[in-house]
Each structure stands twice: as C-alpha cells, then as structure tokens.
There are 2 protein chains.
Amino acid sequence: MRASDKAYAALRDDIVEWRLAPGTVLAEVEQSERLGVSRTPLREALGRLTAEGLTMAGGRGVVVTDISLEDIDELFELRETLEGKAAALAARRGDAAIFERLRQELLRAPELISGDEPALHDYYELVGRLDTAIDAAISNSYLAQAMRSLRVHLVRIRRLAADDARRLTAAAAEHAAIAEAIAAGNPKLAEAATIVHLHRSLSHVKATHATHPKEHHG
Amino acid sequence: MRASDKAYAALRDDIVEWRLAPGTVLAEVEQSERLGVSRTPLREALGRLTAEGLTMAGGRGVVVTDISLEDIDELFELRETLEGKAAALAARRGDAAIFERLRQELLRAPELISGDEPALHDYYELVGRLDTAIDAAISNSYLAQAMRSLRVHLVRIRRLAADDARRLTAAAAEHAAIAEAIAAGNPKLAEAATIVHLHRSLSHVKATHATHPKEHHG
DNA sequence: GTCGAATTTTCTGTATACAAAACCCTTGTA
DNA sequence: TACAAGGGTTTTGTATACAGAAAATTCGAC
C-alpha cells in the first residue's frame, strides 16, 4: 500500500467518523507527522479529499468541510434524482434473478438487525451489495461515478443519525421493495420505491439531528 | 498563478481540444519539461485530471481517457437527469427577471451566429451565462458541482461535432425556450424543454460522429 | 490605549535527490 | 519456436531542502 493511499484512507475515515470536526485545519507538517508519512504523499491525499468535497482549500491549508442542515437537504435532493434514475435503469437493464435473490436476503435482514454487533455489520454489507448490483445493472459509468461521490457524504451523515433497530428494520423492508420492483422490471415502481425510501431516510436523519445536534466549531 | 494550476490548465486544454489523443501516456518527466514546471506540481495536475475523469491511472503513468460512442450515450443519459432536474428547480426558485433577460438575448443570438469568429465567441459566452444563472438559481451546491464535472466532458465532445450555423441557430432557440419556461416558473415545461434540447444535441453529435469519426489509437 | 506598519515566524509551493517498483529486453531452455 | 526467468532500464513514489507568501506579533506613533 502506498503512503499516499494510507494517508488518504486515514484522513477520510477520521473525517467521516467525525473524529476530525468540521472547520479543523489540516496543517501539512502536523498531519504528516501524525500519520507517519512525508508531506508529498500527504498533499496528494489532501488533494483527493478536496476533490471529493470532504475538505476545501482555505486561505492557509485545507479545512474539513461542514455539513449543515441545508446541505443535507441539497444532498438528498441530488440523491433522489440520481438514485431514482438508477433504480429505473436497473429495472430496465438488470438481471432479474440477481435482484430477486437480494430481495430474499433483505426480507431475512430483521434477524441480522436484532442480533448483536457483527450481525449488524452483515446487514450493512448486504445493503452495500444492493448498491453494487444497481451500479452494475445500469451500465452507465458516469452515473455510477456520480453516485459513488455522493455516498462518501452520506456515510458521514449516517453517523449523525441514531441507527436504531426500528428504523433499520423499516429500511430493510424499503430496500426489499426496491429490489422487488427492479426484479419485476418495473422502472416507474423502482423509482417510486427509491424516492419513498430516501424521503423516509431523510426524515429520520433530520429528526435525529434536531434531537441530538452535533456540536461544531468554526 | 501557481505552477500546478498552469500545468493543470495546459493539460486540460490539450485533452479537451484533442491535441492529446485518447490513450496517450503522460510521462511525468516528459510533460514537466514540456510545460516548464517540475514534477511535483505536475503530479498534482495529473491528480486533478484523473479525479475529473479526463485521465486515468494505468499501470505505468496516467493515460488520456477515451470517449467512445457508448460513453456519449451514458454522458447524455446522466446529463438529461441532472440538467432536467436543474431546470425544474430553477423554474421553482429562480428570479424570473434574470431568465427573461437571458431569453431576450438568446432570441437575438442568430445575429451572432451568422457573424464572424469573435461574434461566435459571444454566443458561447451567452450560453455559458445561462448555465451559470441556472447553477445560481437552483441553490444546490452538490447538484451544481455534479453538472460542472459533466461539462468538462461535454466540451470535449462538442469538439467532435461540427458546429454549423444551422445547428447553432436551432440550439439558440431551444435555449430560449428553456429560459422562457424558467422565467414563467413552470418546472415541468422547463424540464421538458431541456430534455428536448439535449436529445437534439445528442442526435447532432452522433450524426456528425458517424460521418467524420475521430481517429483514435489504443 | 488603540491603530497601523514593519518584522518575524510559520506555513504552503516548488524543486530535486533518492528509493522502489514496474516494464522490457535479453538469454537460456524445453 | 515458444516460453520463462533474470537483469537492466525506465518510470513512478517518497523524502527533504529551499523559496515565497501569508498570518501573527511586536514595536512605534498618534
């Protein structure tokens, strides 16, 4: 593994997991010493993070970007557009057998959710497989790339919301509905199911955020 | 201007204007000597280009990405989704006076098109102002960013198509229709007008490409 | 005491030297 | 003749030294 990759992965995780708060300035010497790499690969890592929108180039050094409530609205507005379209395309072009199998797994997901920590990890892995399957089914690399760049920010937001068992169970059912619509080859229904799911997710995130707002400085 | 910015701008132009053909490997020492900068800022430029999708990291060095006919289809599929949504949002949130003024200018655009070279530049600048106005009106930085990253590739494709006066005149009318729908505050119509315009553009590009296919090596 | 300018300090931007890895060509063998 | 292994060569990846710019601090004047 290259040093720049290592620095990138470490900083990305620190930002996504909110260990590096928004507004934090990432001084090059400081971070390079902390991560055990020299300034050159660190700068490359910072460049990648800035391209993804996790950091931005301020007057001096790069700064961890903030995610405000308005940002969440904007993010989900774009997400609705992209993932709605993707679901519709997957329904047209995807392999029904793959999505039918994913639907079966998603219907059994509540067992994972009510289980302990490692089982929960299995659930996230399953949802990730659905995303991957949709990415592959749409056969549009530009759309897939646009969705990938969005997901980074979404993981960051997910950390704000309390992933209680009730919400996760409901989300699993919503995902199953999406998989079912795609397997049935129904584009309009797949898009509608996706939009419903995203709105429910957004409501949940905003409700959580209103109750337990994350403290920022800057 | 920083050396890395200079290298980035030069390489970006070379790729977009097809002076650097798809498949060309951009060796670091070679390009840094050609552009008169050292390897460090050149690498930063290459990183930015790769993040934008104009180049990709191959086994050895970065190579200029290709744009095939399928890529063009994929690109316009995403463009339809994003710009359609953007036009609809602009119709809801935009300032009618701004778009009414742009519509007036677009109706007078045929004079620019039939004129000589510098007048043509004025026309492109006008279309660019419409894009900028839409970007500002939607007040969604993530959507705006997604469209910006698309436009780089679109400029590259535009170079493939022969921008004859007939097509440009028609395009100006289509743009005027979009501006009119936004000014009227009609989201559905704005989206429809955008989709119509994009399909006409795509047809034109593909027709041109079928007649005069650009030769690639790779 | 406060505002402003000059100086100092600290940080980023760039160049270059060195290390490591990937590729290519040669050479030997089946 | 085809294929594999080895070394050599080229190219990328990393570290560090130096230059330039921006911010902070201090000193002076009003």
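Just so we're on the same page: letters track the sequence lines, and every chain starts at 1.
Summary of helix geometry: the two end axes of the helix from C:dG1-D:dC30 to C:dA30-D:dT1, each defined by five base pairs via their C1' atoms, are inclined to each other by 10° (rounded to 10°).
When the side-chain contact (heavy atoms from CB on, under 4.5 Å) test is applied to A:Gln104, the partners found at least two apart in sequence or on another chain are A:Glu100, A:Arg108. For B:Val127, the side-chain contact (heavy atoms from CB on, under 4.5 Å) partners at least two apart in sequence or on another chain are B:Tyr123, B:His175. For A:His204, there are no ring-ring contact (aromatic ring centres under 6.0 Å, His included) partners two or more places apart in sequence or in a different chain.
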Would you mind building the protein contact string for nucleotides 9-18 of chain D? One character per nucleotide, 5' to 3', B for base within reach (heavy atoms under 4.0 Å), S for sugar-phosphate only, - for untouched.
-BSBBBBBB-
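Salt bridge A:Glu191/A:Lys85: absent, no basic N to carboxylate O contact under 4.0 Å.
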For A:Thr132 and A:Asp135: C-alpha separation, side-chain torsions, deciding distance, then whether side-chain hydrogen bond (donor to acceptor under 3.5 Å, both in side chains) applies.
CA-CA 5 Å; A:Thr132 306; A:Asp135 277 13; 6.0 Å; no
Distance-only donor-acceptor pairs under 3.5 Å for side chains of residues 72-79 of chain A, two or more places apart:
residue, atom, partner, partner atom, Å
A:Asp73, OD1, A:Lys206, NZ, 2.9
A:Asp73, OD2, A:Lys206, NZ, 3.4
A:Glu74, OE1, B:Ser141, N, 2.9
A:Glu74, OE1, B:Ser141, OG, 3.0
A:Glu77, OE1, B:Arg93, NH1, 3.3
A:Glu77, OE1, B:Asn140, ND2, 2.9
A:Glu77, OE2, B:Arg93, NH2, 2.5
A:Arg79, NE, A:Glu83, OE2, 3.1

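Here C:dG13 presents its P atom at 16 Å from CG of B:Leu42, a figure rounded to the nearest Å. For the pair B:Lys6 NZ and C:dG13 P, the interatomic distance rounds to 17 Å; values are reported in whole Å.
The two residues A:Ala88 and A:Ala190 make their nearest non-hydrogen contact at N-CB, 4.4 Å. When every heavy atom of A:Gly53 is checked against every heavy atom of A:Thr65, the shortest pair comes out as O-OG1, 2.9 Å.
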